[in-house]
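The structure under discussion appears below in the form of structure tokens.
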There are 2 protein chains.
Amino acid sequence: MKSSNVVKVSFKEQMLQAREDAIIRTVNRLLAEKGFEAMTVDEVAADVGIAKASLYKHFPSKEDLAAAAMVGVMRRAQDYIKALPADATPLEKLRTVVRWTMELKLAGEMPSLPSQNSTLRATLIANRDYMDGLMEVSDHLGAWIEAAQAHGALNPQLPAIAVLYTLYARACDPVLEFLKMGGQHNDAQIIELVMSTCFDGLNAR
Amino acid sequence: MKSSNVVKVSFKEQMLQAREDAIIRTVNRLLAEKGFEAMTVDEVAADVGIAKASLYKHFPSKEDLAAAAMVGVMRRAQDYIKALPADATPLEKLRTVVRWTMELKLAGEMPSLPSQNSTLRATLIANRDYMDGLMEVSDHLGAWIEAAQAHGALNPQLPAIAVLYTLYARACDPVLEFLKMGGQHNDAQIIELVMSTCFDGLNAR
DNA sequence: GTCTATAAAAGGATAGAC
DNA sequence: GTCTATCCTTTTATAGAC
């Protein structure tokens, strides 16, 4: 009786988790497609295939819905960083992470950040999981940036924070979608182009 | 009687023009601050200090309101390009224009483009003034890019269109606002930093 | 927890007097 | 053209039955 109960609860929780994952995947995609303001809760519910009221049982507000998706992406980034080969150089690690974020963006899985005074911003800043993740990621990237600058691989004249922001910005670079719309290059080519303009610059060498 | 009429009409038209300019300035600022979706017509009316219904006498819809602001910025860009010193090198011209767009952005006067499937996009694409302006600007920049590549000033390996998009993207580069929020650098320093990462790249030289 | 139904509010747009 | 007042749709959010 007891073990049966345990299994049943576990199963239900598994179902619940699966549904929440489905919700977050949809939210993630919609955030990437149209941004927070243009995404509607009705749309999310319809896409997931559940009633809107059910959505609100899982997440108390539209902001929390979006925040959950952002936390998910942040977690993926943390996992990706943890799985990087330990013997790679700092510059290689940085390049690999940036490439990964651009692949995510081209795949339509990179939610675009709220532009400035969105209500989402406040929710994110108040979100412990998100901010902790962001800081952990920033700490890793920051250490690699300083190491790469010390080794003469990255321009040591640039403030590390400027480099960090420049790398973060690749995750929402409109050049990716512009080139994709142009149809002249495939995803891999687009990524290499932006990698080149980012690290080598536009000037001739 | 006739001349008095002419003067009166001209004066009224001047007033009308002045009011529309005020409207567009407000819309421009709000578009820069929060984007098209987050900007409300009520907000615009309140900021300008007129009734919402009056706004709709000037512009038939929210999309047209925003489009008017975008056309205004495009016109400013065309004027700026026309006024560039004729004896400057193509690379110098490109750098000057990019710097100017970033100054606009830091001043909060660069409306952020609609992210993808905004209703604003269709309106802009259907807008003759906007599209003509965009093409004129692109023609100038494109010619300078190819000349700079031919002279060995810009990397000739990069497709000109990729360079063009990369330059356009500086006008909405989140790195600018990130660095500004950081408070460690003034506007001029921020612009030079982004100019450096854009043209020189992140790698050491 | 999931649903249907509905509230409650916001936002785009218009009517009609002046 | 400007205003007040209002319409109507969309959208966020909740009530209440099962």
Side-chain angles (χ1 to χ4, degrees), chain A residues 5 8-24 26-27 30-31 33-69 114-115 117-124, chain B residues 5 7-27 30-31 33-70 114 117-124:
Chain A
N5 250 345
K8 204 166 186 181
V9 168
S10 169
F11 177 73
K12 276 175 82 173
E13 280 180 358
Q14 217 172 332
M15 290 286 88
L16 187 75
Q17 188 59 46
R19 167 137 308 180
E20 294 206 342
D21 284 352
I23 294 172
I24 287 181
T26 291
V27 171
L30 289 175
L31 282 180
E33 270 177 27
K34 38 213 300 184
F36 177 70
E37 327 281 348
M39 177 188 80
T40 72
V41 179
D42 293 79
E43 203 173 10
V44 175
D47 194 292
V48 176
I50 65 178
K52 186 165 49 170
S54 303
L55 258 192
Y56 277 96
K57 298 284 182 178
H58 290 274
F59 302 94
S61 75
K62 184 188 176 187
E63 281 76 15
D64 290 283
L65 204 54
S115 50
N117 24 339
S118 175
T119 58
L120 177 55
R121 256 184 115 88
T123 303
L124 280 178
Chain B
N5 250 347
V7 169
K8 206 165 185 182
V9 167
S10 170
F11 178 72
K12 278 175 82 172
E13 281 179 359
Q14 216 174 332
M15 289 286 90
L16 188 73
Q17 188 60 44
R19 169 138 307 181
E20 293 205 344
D21 285 351
I23 293 172
I24 288 181
R25 265 195 304 279
T26 290
V27 171
L30 289 175
L31 283 179
E33 271 177 27
K34 37 211 304 183
F36 177 71
E37 328 282 348
M39 177 188 80
T40 73
V41 179
D42 295 78
E43 204 173 10
V44 175
D47 194 292
V48 176
I50 65 177
K52 186 162 53 165
S54 304
L55 258 192
Y56 277 95
K57 299 284 182 177
H58 291 274
F59 302 93
S61 73
K62 183 188 176 187
E63 280 77 14
D64 290 282
L65 203 55
M70 305 295 289
N117 23 341
S118 176
T119 58
L120 177 55
R121 259 184 114 86
T123 303
L124 281 177

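Please read all numbers here as calculations on a predicted model, not as lab measurements.
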Between dT2(D) (P) and Lys12(B) (NZ): distance, integer Å: 10 Å
Whole-Å distance separating the CG atom of Leu120(A) from the P atom of dT12(D): 13 Å
Nucleotide nearest Ala51(A) (side chain, heavy atoms from C-beta), chosen from dT2(C), dC3(C), dT4(D): dC3(C)
Rounded distance (Å) that lies between atom P of dG1(C) and atom CD of Gln14(A): 14 Å
Ala68(B) to Ile24(B) - nearest heavy-atom pair and separation: CB-CD1, 3.9 Å
Check: Leu124(A) and Leu120(A) side chains under 4.5 Å, non-hydrogen atoms: yes
Distance under 6.0 Å and angle within 45° of ring axis: Lys62(A) vs Tyr56(A): no
Rounded interatomic separation in angstrom, taking NE2 from His58(B) and P from dA13(C): 16 Å
Carboxylate-amine/guanidinium proximity below 4.0 Å for Glu37(A) and Lys34(B): no
Integer-rounded Å distance: dC3(C) C1' and Ile50(A) CD1: 11 Å
First of Pro60(A) and Arg19(B) reached from the 5' end of DNA chain D, by closest nucleotide: Arg19(B)
Phosphate OP1/OP2 of dG1(C) contacted by Ser54(A) side-chain N/O (<4.0 Å): no
Interatomic distance where CZ belongs to Phe11(B) and C1' belongs to dG1(D) [whole Å]: 14 Å
Which atom of Ala45(A) lies closest to which atom of Ala51(A), heavy atoms considered: CB-C, 4.1 Å
Value in whole Å for how far the C1' atom of dG1(D) lies from CD1 of Ile23(B): 11 Å
Got a list of protein N/O to nucleotides 9-12 of chain C N/O distances below 3.5 Å?
from: dG12(C); atom 1: OP1; to: Lys62(B); atom 2: NZ; distance (Å): 2.9
from: dG12(C); atom 1: OP2; to: Val41(B); atom 2: N; distance (Å): 2.8
from: dG12(C); atom 1: N7; to: Lys52(B); atom 2: NZ; distance (Å): 3.0

Whole-Å gap separating P (dT2(D)) and CZ (Phe59(B)): 11 Å
Close side-chain approach of Thr26(B) to Glu43(B), heavy-atom, < 4.5 Å: no
Leu16(A) and Lys12(A), any side-chain heavy atoms less than 4.5 Å apart: no
